[in-house]
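Have a look at the structure below before the remarks.
The figures that follow rest on heavy atoms only: side chains count, while hydrogens, waters and symmetry mates do not.
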Amino acid sequence: MLTSKQRAILRSMAQTLEPITQVGKQGITESFLDNVNNAIEKRELVKITVLENSGEDVKTVGEEIARRLPAEFVCATGKKLVFYRRSLSEKVKHIEF
């Protein structure tokens with residue numbers, strides 16, 4: 001569980017990130033989750049876009065992705081979602097709080 005200070009740090013770091021993928025009409029598929037999981041393992045912090053045609057509530061999508069990965073749902077800003085999980089790989093530069 002992240003503290004509010006840690007969330008604030010991650011939100012500020014995520015401002016410069018480009019979204020790595022997007023949720024569209026197909027919704028949250030297993031291949032989508034695999035791609036996001038691999039990206040989180042390599043980067044620890046990722047941003048995802050929810051498209052208008054997905055027909056889903058942005059915050060609901062964020063909570064569902066976080067639950068199924070598992071990862072921390074940092075924030076939802078507009079149609080963008082930010083997720084964090086500490087990587088198990090030693091090759092990754094870890095985010096320090």
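- A salt bridge does not link Arg67 to Glu63: none of the charged side-chain nitrogens sits closer than 4.0 Å to a carboxylate oxygen.
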Stepwise side-chain contact (heavy atoms from CB on, under 4.5 Å) check, Met13 with Val82: CA-CA 10 Å; Met13 292 173 72; Val82 179; over 6 Å; no
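- Among all heavy-atom pairs drawn from Gln15 and Lys47, the shortest one is O-NZ, 3.9 Å.
- Counting only heavy atoms from C-beta outward, the side chains of Val23 and Glu56 never approach each other to under 4.5 Å.
- Leu51 and Val61 are members of different hydrophobic clusters when ILVMFWY side chains are connected at heavy-atom separations under 4.5 Å.
- By the 4.5 Å heavy-atom criterion applied to side chains, Pro19 and Lys80 are counted as neighbours.
- Looking at Asn38, its side chain does come within 3.5 Å of a backbone N or O of Asp34 through a donor-acceptor pair.
- Side chains of Glu72 and Phe83 form no contact here, defined as non-hydrogen atoms less than 4.5 Å apart.
- Between Leu69 and Ala71 the shortest heavy-atom distance is CB-N, 3.8 Å.
- A continuous path of hydrophobic side-chain contacts links Val58 to Ile28 [ILVMFWY only; heavy atoms under 4.5 Å].
- Residues Gln6 and Arg11 are not in side-chain contact: their nearest non-hydrogen atoms beyond the backbone lie 4.5 Å or more apart.
- Between the CG atom of Leu10 and the CD atom of Glu44 there is a distance of 9.5 Å, given to the nearest 0.5 Å.
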Test log, rule side-chain contact (heavy atoms from CB on, under 4.5 Å), inputs Arg85 and Leu45: CA-CA 7 Å; Arg85 182 177 71 214; Leu45 187 66; over 6 Å; no
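- Between Ile40 atom CD1 and Tyr84 atom OH the span is 10.5 Å, to the nearest 0.5 Å.
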Verdict with supporting geometry, Val46 and Leu17, side-chain contact (heavy atoms from CB on, under 4.5 Å): CA-CA 7 Å; Val46 297; Leu17 292 178; 5.9 Å; no
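- Val50 and Val36 fall within a single hydrophobic cluster, where Ile, Leu, Val, Met, Phe, Trp and Tyr are joined by side-chain heavy atoms under 4.5 Å apart, directly or via other members.
- Side-chain atoms of Ser87 and Ser89 form no donor-acceptor pair, as typed in the model, at a separation below 3.5 Å.
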CA sep, side-chain torsions, deciding dist, call: Phe32, Ile48, side-chain contact (heavy atoms from CB on, under 4.5 Å): CA-CA 11 Å; Phe32 169 82; Ile48 297 170; 4.1 Å; yes
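- Residues Thr21 and Asn35 are not in side-chain contact: their nearest non-hydrogen atoms beyond the backbone lie 4.5 Å or more apart.
- Contact record, Ile20 with Arg43: CG2-NH1, 2.7 Å, taken as the closest heavy-atom pair.
- The closest side-chain heavy-atom distance from Leu81 to Phe73 is below 4.5 Å.
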Derivation of the salt bridge (charged side-chain N to carboxylate O under 4.0 Å, His left out) call for Lys79 and Glu52: CA-CA 8 Å; Lys79 295 286 183 179; Glu52 292 288 334; 3.7 Å; yes
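- Residues passing the side chain to side chain contact (heavy atoms under 4.5 Å, CB included) test with Glu96, sequence neighbours excluded: Arg86, His94.
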